[in-house]
Amino acid sequence: MPERRIVSLLPAATEIICALGLEHQLVGRSHECDYPPGISNLPICSSAKFLPGSDSAEIDRQVKEILSESLSIYTIDRDLIKSLAPEVIITQAQCEICAVSLKDVETALADLLDKKCQLISLQPNGLDDVYGDIRMIAGQLGVENAAEELLELSAERINIIRHKLKFITEKPTVACIEWLSPLMMAGNWTPEIVEIAGGLPILTEAGKHSSYINFQDIITANPDIILIMPCGFSIQRTLQEIGLFLDTPGWADLKAVKSQRVYIADGNQYFNRSGPRITDSIEIMAEIINPKQFIFGYEGNGWVHFNV
C-alpha cells in the first residue's frame, strides 16, 4: 500500500502508528501527543481551551462549564491541517474530555480539505477493544503483519504474568483513582488490568466509563491497595495535590494507608492511553500488586510507593 499522510489527534493513536513502523508517515499531532520522543518536532494541530496549570477541581469546573454551553474543550487548527494535506486523520469517540473527538474533527474539517480524507475514530472500552484498534489501524494502513507481531509480543508478556500468578489465590482489593477532585474511579480497561495483575478491582466495572464516587465509598470499601493515577497527570503533578487525600477525615484509618500500600502511577504515560503501552501498564500493576513475583523496572519512573 502506498504511503499516506497521517495526522493523529490522539496520543494512543500516535503511539500505535509509531509502533507499527509508520512514524515517517505522520505529518501532524495533537497538543497531547508526546510519545515516542521522535514525534516532538511534528506540527501541533490542536489546543485545549481550559487554562494550563489549574488544579484538578478547577480543570473539572472549566471543562463542565465549556461543555454546558455545548462547546468543545479543544480547538483544532483548521488552517494548519489544511496545509498539511492529510490523507488520514485519527481521532476518538470514547471520551470528549480525554482528547479531540470525532465530532470536533468533523465540525472543524467540514468543507475544509481539498481532497477526500479518511477519518478513523477509536472507541475502546476494554482491553480487547484496545488491541482490536491496533489491528484495525494496521488493516487500514496495510501493515497487518506488523500488528500481529506487536500483539503477539504483548500476549507473551501478559501470559508470563498469568502463568506466575496461576496458583496464587490471595487477591488484594485494589482501588484505582483516575481523578482527584471530584473523585473518580478508573473504569474501561483498568479493572481488567487489575485482574490480570492478580488483584480484585473495586468501586468500578470493566468495560464501563469511569465513575464519580464519594470518599465515603472508599472508606466503606476499605481497599488493600490504593493506586492514584489521574488521567493526564505525571507522578509529580499528582504529588502537588496529594494533600486532598491527606487532609480528608478517614484517610489515615484506611487499610491501604496503614499497611503503606498507597501508590502513585504516571496516569499520563500509562493506564489512560489505549495504545501499545497498555501492556506496560499491566506490568506496572503486577509490580505494585505482587512485588515479590515481578520486577519489570518501572518503579521510580512509571510508579512510586507513596509513604504517608
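Values in this document were obtained by computation on a predicted structure and should not be read as measured data.
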Quick note, side-chain hydrogen bond (donor to acceptor under 3.5 Å, both in side chains) partners involving residues 214-226, not counting sequence neighbours, are Thr173-Asp224, Gln216-Thr220, Asp224-Lys255

Rounding to 0.5 Å, atoms CG (Leu127) and CD1 (Ile282) come to a distance of 5.0 Å

**Study point:** His31 side chain to Ser47 side chain, donor-acceptor N/O pair below 3.5 angstrom
**Key:** no

Result for salt bridge (Lys or Arg N to Asp or Glu O under 4.0 Å) between Arg273 and one of Asp280, Asp266, Asp34 points to Asp34

Checking side chain to side chain contact (heavy atoms under 4.5 Å, CB included) for the pair Ile17/Ile6: CA distance, chi angles, key distance, verdict? CA-CA 9 Å; Ile17 292 296; Ile6 304 169; 4.1 Å; yes

**Q.** Contact check, side chains of Met229 and Thr190, non-hydrogen atoms, under 4.5 Å
**A.** yes

_Any heavy-atom pair between the side chains of Asp253 and Val257 that's under 4.5 Å?_
no

Does Val27 share a hydrophobic cluster with Ile44, counting links as ILVMFWY side-chain heavy atoms below 4.5 Å and allowing steps through other members?
no

Does the side chain of Ile177 reach to within under 4.5 Å of the side chain of Met184, using non-hydrogen atoms? no

Between the side chains of Glu3 and His24, does any donor sit under 3.5 Å from an acceptor?
yes

Q) Side chain of Glu87, backbone of Arg5: donor and acceptor closer than 3.5 Å? A) yes

In terms of heavy-atom contacts, Gly126 and Trp189 come closest through C-CB, 3.9 Å

Keeping Thr248 on the side-chain end and Trp251 on the backbone end, is there a donor-acceptor pair under 3.5 Å?
no

* Within the side chain of Gln25, is there an N or O that forms a donor-acceptor pair under 3.5 Å with the backbone of Arg4? -> yes

I'd like to know if the side chain of Asn268 and the backbone of Ser234 have a donor-acceptor N/O pair within less than 3.5 Å. no

Shared hydrophobic cluster, Ile202 / Tyr212 (ILVMFWY, side-chain heavy atoms < 4.5 Å): yes

Rounded to the nearest 0.5 angstrom, the OG-CD1 distance for Ser154 and Ile134 is 6.5 Å

Note: Pro43 and Leu84 closest approach over all heavy atoms is CG-CD2, 4.0 Å

Open item on the list: Please check this pair: side chain of Lys164 against backbone of Phe294, looking for a donor-acceptor N/O pair closer than 3.5 Å.
Closed with: no

To the nearest 0.5 Å, atom OG of Ser121 lies from atom CE of Met136 at 8.0 Å

- Can Thr169 and Lys171 be said to form a side chain to side chain contact (heavy atoms under 4.5 Å, CB included), step by step? CA-CA 6 Å; Thr169 56; Lys171 297 183 177 182; over 6 Å; no

- Query: Counting only N and O atoms by type, is there a donor-acceptor contact under 3.5 Å from the side chain of Asn301 to the main-chain atoms of Tyr298?
  - Reply: no

Closest non-hydrogen contact found for Asn290 with Ala197 is ND2-O, 2.9 Å

Tell me, do Asn188 and Thr204 make a side-chain contact under 4.5 Å, heavy atoms counted? no

- Message: Is it the case that the side chain of Glu287 and the backbone of Phe296 share a donor-acceptor pair, with hydrogens and angles ignored and the cut-off at 3.5 Å?
- Response: yes

ILVMFWY network linking Ile137 to Leu153, side-chain heavy atoms under 4.5 angstrom | no

So Ser83 and Ile81, do their side chains get closer than 4.5 Å, heavy atoms only?
no

message: Starting from Val262, can I reach Ile213 by hopping between I/L/V/M/F/W/Y residues whose side chains sit under 4.5 Å apart?
response: yes

Closest heavy-atom pair, Cys117 versus Ile89, reported as atoms and distance to 0.1 Å, is SG-CG1, 3.7 Å

Start with the C-alpha distance between Ile158 and Ile196, add both sets of side-chain angles, then the distance that settles side chain to side chain contact (heavy atoms under 4.5 Å, CB included), and finish with yes or no. CA-CA 8 Å; Ile158 293 172; Ile196 292 171; 3.9 Å; yes

_Neighbour count above 12 (heavy atom, 6.0 Å) for Glu170 CD_ = no

Scanning both residues in full, the closest heavy-atom pair of Glu178 with Asn272 reads OE1-OD1, 3.0 Å

ring-ring contact (aromatic ring centres under 6.0 Å, His included) filter on Phe215, not counting sequence neighbours, yields none

Evaluate the side chain to side chain contact (heavy atoms under 4.5 Å, CB included) criterion for residues Phe306 and Ile228: first the C-alpha distance (whole Å), next the side-chain angles of each, then the deciding distance (0.1 Å), finally the verdict. CA-CA 10 Å; Phe306 180 68; Ile228 306 170; 5.9 Å; no

Residues Trp179 and Cys231: closest non-hydrogen pair is CZ3-O, 3.4 Å

With sequence neighbours left out, the residues meeting salt bridge (charged side-chain N to carboxylate O under 4.0 Å, His left out) with Glu148 are Arg135

- Query: Is a side-chain donor or acceptor of Asn159 paired with a backbone partner of Ala155 at a separation under 3.5 angstrom?
  - Reply: yes

dist Ile160:CD1 -> Gln293:CD (nearest 0.5 Å) comes out at 14.5 Å

**Asked** Less than 4.5 Å apart, any side-chain heavy atom of Arg157 and any of Ile161?
**Response** no

- Query: Are more than 12 heavy atoms from other residues, nucleotides or ligands located less than 6.0 Å from atom CD1 of Ile295?
  - Reply: no

**OP:** Flag yes if Leu200 and Ile219 sit in one hydrophobic cluster, no otherwise; membership is Ile, Leu, Val, Met, Phe, Trp, Tyr, and two members link when side-chain heavy atoms are under 4.5 Å apart.
**Re:** no

With a 3.5 Å distance limit and no angle check, can you tell me whether Ser210 reaches the backbone of Ala186 through a side-chain donor-acceptor pair? no

- Just wondering, do Ser274 and Leu122 contact through their side chains at under 4.5 Å, heavy atoms? no

Heavy-atom distance under 4.5 Å between the side chains of Pro201 and Val174, does that happen here? no

Next item on the list: Answer with yes or no whether the side chains of Tyr35 and Gln269 bring together a donor and an acceptor at under 3.5 Å.
Entry: no

(Q) Tell me whether Arg29 contacts the main-chain N or O of Ile39 through its side chain, where contact means a donor paired with an acceptor under 3.5 Å. (A) yes

Centroid-centroid distance, Trp303 to Tyr263, less than 6.0 Å = yes

